[in-house]
There are 2 protein chains.
Amino acid sequence: MNKQKKTDFQVQFANAAGMLASRFSLNPTVGQIYGLLYMSNGPVSLSEMVKKLGISKGSASTNVRILESWGAVRKVWVDNSRKDYYEANPDTLNIIINRVREGVGKRLDEAEEKLKNVEKGLASSAAAAEDNAGFYESRINKIKESYGQIKDLLQFFSRED
Amino acid sequence: MNKQKKTDFQVQFANAAGMLASRFSLNPTVGQIYGLLYMSNGPVSLSEMVKKLGISKGSASTNVRILESWGAVRKVWVDNSRKDYYEANPDTLNIIINRVREGVGKRLDEAEEKLKNVEKGLASSAAAAEDNAGFYESRINKIKESYGQIKDLLQFFSRED
DNA sequence: TAATACGTTTAGAACGTACTAAACGTTATG
DNA sequence: CATAACGTTTAGTACGTTCTAAACGTATTA
């Protein structure tokens, strides 16, 4: 009974985290798992996640490893047990900042690459001879500028000193 | 022929923007449309979007209004035409910053609300009497702190002076 | 007034994502 | 050596999202 109540509170928190995650285009289960571990005072096994959150073993296994790859949880060793135990990295803000930085940075690099190709296509096309050639160039330069500014913002966040 | 080449360049750019958009969990068509308008020196009609991008009329109509609601494009008046014309707001960086600020802010407010309820549930549950009660409180406070820091970051961006 | 030219809305289909259940491989244990 | 207890992987399914095609409403034009 007491046990039940305890679970309820943690699960409520976990579910709120899951809802928040899905609002940010993340899969809800990573949010639930992180939320549960965040609100647990000690290591939690896969089977506890399964039982408390009512999710499947496969989903728990997959998603906890996603969280691990983000540095949001880590595997901890528990004596006399064959089970895998995890605990949350409680520094949520840093996890978020790192993920934003890496995620945005990667996508921006892809975009830069693609822009380079489009620009090359422009140079060798009839568009370059148009009246609008100057306009095209200026817009491309403007985009490159924005790109640089976003990169600067990301750098700003990565200062940890 | 010349016309064709010109279209190709703009469409290449638009498609790159579409790809980038979908990498950021946005629907690709808003990216394509914004990209086309961004690379057009003058107003563009719905039917031009349809023809150049190879999308349906319905999709163009829906998505251009999404862009309008973001302040990313605006409707412009063209004499002697019953068509709707649009042009891009070329300040891409500001559009992005505003959307991030509003989108994140809104979701964070929802989360804060939910957290408040969970906290209330904690107070009136057996969990509050546990050994872990102090731990729970500290974790909740830590989350609230992160919440405030993110809010501060968002405020930081909204300075336009 | 009939026909046309618009933009909008809706119904249906296609697609990607993420879940569950079950098969699987491995390691411990009786 | 057989069985059980794990975590992982896979096949299938359910769901939300976003597209197209078509129906629709409205306004213009012949």
Side-chain angles (χ1 to χ4, degrees), chain A residues 11 14-15 17-37 43-70 72-87 103 107, chain B residues 11 14-15 17-37 43-70 72-87 103 107:
Chain A
V11 170
N15 288 342
M19 229 168 288
L20 185 61
S22 77
R23 293 284 280 145
F24 279 97
S25 312
L26 301 176
N27 87 56
T29 310
V30 296
Q32 287 179 285
I33 294 176
Y34 181 76
L36 176 62
L37 300 195
V44 178
S45 70
L46 264 197
S47 44
E48 287 176 274
M49 301 175 203
V50 168
K51 191 168 24 166
K52 289 194 177 173
L53 299 176
I55 61 180
S56 69
K57 207 169 42 152
S59 184
S61 170
T62 302
N63 284 302
V64 84
R65 274 175 296 151
I66 290 174
L67 285 165
E68 206 181 5
S69 78
W70 294 348
V73 307
R74 60 179 240 267
K75 202 179 275 197
V76 294
W77 197 250
V78 172
D79 284 354
N80 301 327
S81 177
R82 284 157 52 197
K83 296 184 181 179
D84 289 351
Y85 285 84
Y86 293 87
E87 64 182 17
R107 288 166 177 80
Chain B
V11 170
N15 288 341
M19 229 168 289
L20 184 61
S22 77
R23 292 285 279 148
F24 278 96
S25 312
L26 302 175
N27 88 55
T29 310
V30 297
Q32 287 179 285
I33 295 177
Y34 180 77
L36 176 63
L37 268 46
V44 177
S45 70
L46 263 196
S47 44
E48 288 176 274
M49 300 174 202
V50 167
K51 192 167 26 164
K52 289 194 178 175
L53 299 176
I55 60 180
S56 70
K57 206 167 44 150
S59 184
S61 170
T62 301
N63 285 302
V64 84
R65 274 176 296 150
I66 290 174
L67 284 165
E68 207 181 5
S69 78
W70 294 350
V73 308
R74 60 180 240 266
K75 202 179 275 197
V76 295
W77 197 250
V78 172
D79 285 353
N80 301 327
S81 175
R82 285 156 50 196
K83 296 183 181 178
D84 289 352
Y85 285 83
Y86 293 87
E87 65 183 17
R107 288 167 177 80

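Chain naming here is simple, since letters A, B, ... match the order of the sequence lines and numbering starts at 1 in each.
Every residue meeting the side-chain contact (heavy atoms from CB on, under 4.5 Å) condition with B/A60, not counting sequence neighbours, appears here in chain and number order: B/L46, B/V50, B/I55. In this structure A/E87 satisfies the side-chain hydrogen bond (donor to acceptor under 3.5 Å, both in side chains) test together with A/R74, sequence neighbours excluded. Not a single salt bridge (Lys or Arg N to Asp or Glu O under 4.0 Å) links B/K57 to another residue, sequence neighbours left out. Remark: B/A14 engages B/L36, B/L53 in a side-chain contact (heavy atoms from CB on, under 4.5 Å) (not counting sequence neighbours). By the side-chain hydrogen bond (donor to acceptor under 3.5 Å, both in side chains) test, B/T62 pairs with no residue at all, sequence neighbours left out.
For the pair B/I55 CD1 and D/dT17 P, the interatomic distance rounds to 20 Å; values are reported in whole Å. Across the protein-nucleic acid pair, B/R65 atom CZ and D/dT18 atom C1' stand 15 Å apart, rounded to whole Å. For A/N63 and D/dG7, the CG to C1' distance is 14 Å, given to the nearest whole Å. The separation between B/M19 atom CE and D/dT18 atom P is 17 Å, rounded to whole Å. The nearest whole Å value for the distance from the CG atom in B/L53 to the P atom in D/dT18 is 17 Å.
Residue pairs meeting the salt bridge (Lys or Arg N to Asp or Glu O under 4.0 Å) criterion with at least one partner in residues 17-35 of chain A, sequence neighbours excluded, are A/R23-B/E110. Pairs passing the salt bridge (Lys or Arg N to Asp or Glu O under 4.0 Å) check and including a residue from residues 58-68 of chain B, sequence neighbours excluded, do not occur.
Checking A/Y86 against B/N27, the closest nucleotide of DNA chain D that is more toward the 5' end is the one next to A/Y86. Each of A/S59 and B/V64 was matched to the nucleotide of DNA chain C holding its nearest heavy atom; the match closer to the 5' end belongs to B/V64.
From the 5' end on, the contacts that DNA chain C makes with chain B at under 4.0 Å to a non-hydrogen atom open and close at C/dA5 to C/dT9.
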Are B/V30 and B/W70 close enough, and set up right, to give a side-chain contact (heavy atoms from CB on, under 4.5 Å), and what steps lead you there? CA-CA 11 Å; B/V30 297; B/W70 294 350; 4.3 Å; yes
Can you give one letter per nucleotide of nucleotides 24-30 of chain D, 5' to 3': B if a protein heavy atom sits under 4.0 Å from the base, S if only from the sugar-phosphate, - if neither? ----S--
